[in-house]
Amino acid sequence: MIILQGPPCAGKSTWARREVSGKEDWIIVSRDDIRHALGDYWNLKREPLVTSTEDFVIKQGLRMKFNIIVDSVNLKKERVSHLQKIADDEDAIVEFKTLIVPFLEAVRRDRNPDRQHRTGVDVIRDYYQTYYPNEPIEDIPADLAVTPAPPADPDRIILDTEGNPVWRPTPADLANVKKLAILRYSFSAISMAIGVPQSEFRRLMADSSSPLYEAYHAGKIEGEMAYRQKVVNIANSGEEWAVRMIEAWNREQLKEEKGFQA
């Protein structure tokens with residue numbers, strides 16, 4: 001039994017299919033395939049059934065003398081120990097094979113239109129931070145940070161009575177704007193990334209009551225919070241430039257507080 005290990009989009013399923021090709025005594029047991037067979041890909045209520053089905057197929061496959069590739073992330077110690085016990089009970093030899101790619105490559109693969117489902121950048125990031133803390137997690141470039149607008153969305157950009165494009169931001173648009181604002185992209189870069197006229201982006205940004213304005217500034221503040229937290233952590237280690245930066249922020253804060261009190 002070969003137990004594959006690695007983050008999402010690392011090429012585990014591709015490797016498994018290539019490995020069993022033309023080998024009648026090899027099978028793949030995939031949690032993703034089981035999920036798809038049961039209905040919608042992700043349903044939390046079904047996950048215990050997915051696990052029990054996976055275990056059953058592995059046991060029966062070993063008893064029928066098949067070699068098995070267990071295709072899943074398989075990174076939790078409890079799950080690996082459980083799979084090892086199944087193998088021991090069936091007198092099977094266990095091998096481990098780890099596949100991993102750089103974080104941004106995993107994100108790019110997740111956006112491949114040929115994938116049956118998308119994991120999502122946040123989930124991929126969580127896996128890398130939890131299980132591969134030494135792997136660098138780069139900033140997401142604009143073309144990967146955004147979620148493409150649905151192809152059948154005729155009301156997203158319409159023409160006014162004079163034939164000029166008018167943008168009606170969708171929830172996906174607002175979510176993308178917030179993501180890109182966190183990463184400090186400019187107005188022009190954001191409008192280009194989400195596929196809307198720059199003039200329309202600036203028009204809506206001029207209205208402080210618009211959802212677009214709120215989404216952009218919510219992202220900007222969230223990005224600033226993350227940056228300042230890093231500076232605070234560095235300052236706590238005694239780094240002088242970080243300490244000076246916090247002192248400057250404190251002075252600005254006190255000036256505003258005194259002005260408010262006055």
Side-chain angles (χ1 to χ4, degrees), residues 6-10 40-42 44 73 100-158 165-234 249:
C9 308
D40 294 335
Y41 173 73
W42 178 254
L44 185 60
V73 293
I100 185 170
V101 295
F103 169 70
L104 283 185
E105 176 61 22
V107 175
R108 287 192 178 91
R109 292 181 180 185
D110 189 47
R111 300 302 295 274
N112 189 326
D114 295 333
R115 283 182 63 80
Q116 287 184 289
H117 66 277
R118 283 184 176 166
T119 303
V121 64
D122 292 336
V123 174
I124 295 173
R125 182 185 289 106
D126 285 343
Y127 270 101
Y128 276 79
Q129 289 176 335
T130 302
Y131 297 103
Y132 302 99
N134 294 327
E135 286 290 322
I137 297 180
E138 304 92 340
D139 289 340
I140 305 297
D143 63 321
L144 296 180
V146 300
T147 301
D153 192 3
D155 294 330
R156 180 172 179 261
I157 299 180
I158 63 174
V166 177
W167 175 38
R168 296 177 176 176
T170 64
D173 287 333
L174 297 177
N176 286 329
V177 167
K178 181 178 179 181
K179 290 179 184 177
L180 293 170
I182 290 173
L183 299 174
R184 294 302 200 195
Y185 281 95
S186 65
F187 286 5
S188 57
I190 294 176
S191 59
M192 185 179 299
I194 63 179
V196 301
Q198 187 177 149
S199 59
E200 279 298 283
F201 189 94
R202 292 182 179 277
R203 178 181 68 82
L204 293 180
M205 279 299 299
D207 179 3
S208 60
S209 65
S210 71
L212 179 69
Y213 182 95
E214 294 176 359
Y216 175 83
H217 283 282
K220 187 175 178 181
I221 291 171
E222 186 172 326
E224 184 69 19
M225 288 173 61
Y227 170 72
R228 292 196 176 213
Q229 184 60 63
K230 290 180 180 178
V231 174
V232 169
N233 293 339
I234 295 172
W249 291 342

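Computed from a prediction, not measured in an experiment: that's the story for all the values here. The residues of the chain are indexed from 1 along the displayed sequence.
- Taking the side chain as every heavy atom from C-beta outward, Val196 and Pro169 never approach each other to under 4.5 Å.
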Under 3.5 Å, which donor-acceptor pairs do the side chains of residues 216-223 form with other protein atoms, sequence neighbours left out?
none

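- Here Cys9 contributes atom SG and Arg111 contributes atom CZ; the two are 11.0 Å apart, rounded to the nearest 0.5 Å.
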* Arg184 and Glu224: CA distance, side-chain angles, deciding distance, salt bridge (Lys or Arg N to Asp or Glu O under 4.0 Å) verdict -> CA-CA 9 Å; Arg184 294 302 200 195; Glu224 184 69 19; 2.6 Å; yes
* Trace of the side chain to side chain contact (heavy atoms under 4.5 Å, CB included) decision for Ile124 with Val121 -> CA-CA 5 Å; Ile124 295 173; Val121 64; 5.6 Å; no
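- A donor-acceptor contact shorter than 3.5 Å is absent between the side chain of Asp110 and the backbone of Ala106.
- How far OH of Tyr185 is from CG of Asp139: 7.5 Å, rounded to the nearest 0.5 Å.
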* Under the side chain to side chain contact (heavy atoms under 4.5 Å, CB included) rule, what do Ile140 and Leu180 come out as? Steps first, then yes or no, please. => CA-CA 9 Å; Ile140 305 297; Leu180 293 170; over 6 Å; no
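- Between Thr170 atom OG1 and Asp173 atom CG the span is 3.5 Å, to the nearest 0.5 Å.
- For the residue pair Val101 and Ala10, the shortest heavy atom distance occurs at CG1-O, 3.9 Å.
- Listed by first and then second residue, the side-chain hydrogen bond (donor to acceptor under 3.5 Å, both in side chains) pairs that reach into residues 123-134 are Asp122-Arg125, sequence neighbours excluded.
- Scanning all heavy atoms of the two residues, the minimum distance from Ile190 to Ala181 falls at CD1-N, 4.3 Å.
- Note that the CE atom of Met192 and the CZ atom of Phe187 stand 15.0 Å from one another [nearest 0.5 Å].
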Which pairs would a plain distance check flag for residues 204-215, meaning a side-chain donor or acceptor within less than 3.5 Å of a matching protein atom at least two apart in sequence or in another chain?
residue, atom, partner, partner atom, Å
Asp207, OD1, Ser209, N, 3.0
Asp207, OD1, Ser209, OG, 2.7
Asp207, OD2, Ser209, OG, 3.3
Ser210, OG, Leu204, O, 2.9
Ser210, OG, Asp207, O, 2.9
Ser210, OG, Tyr213, N, 3.1

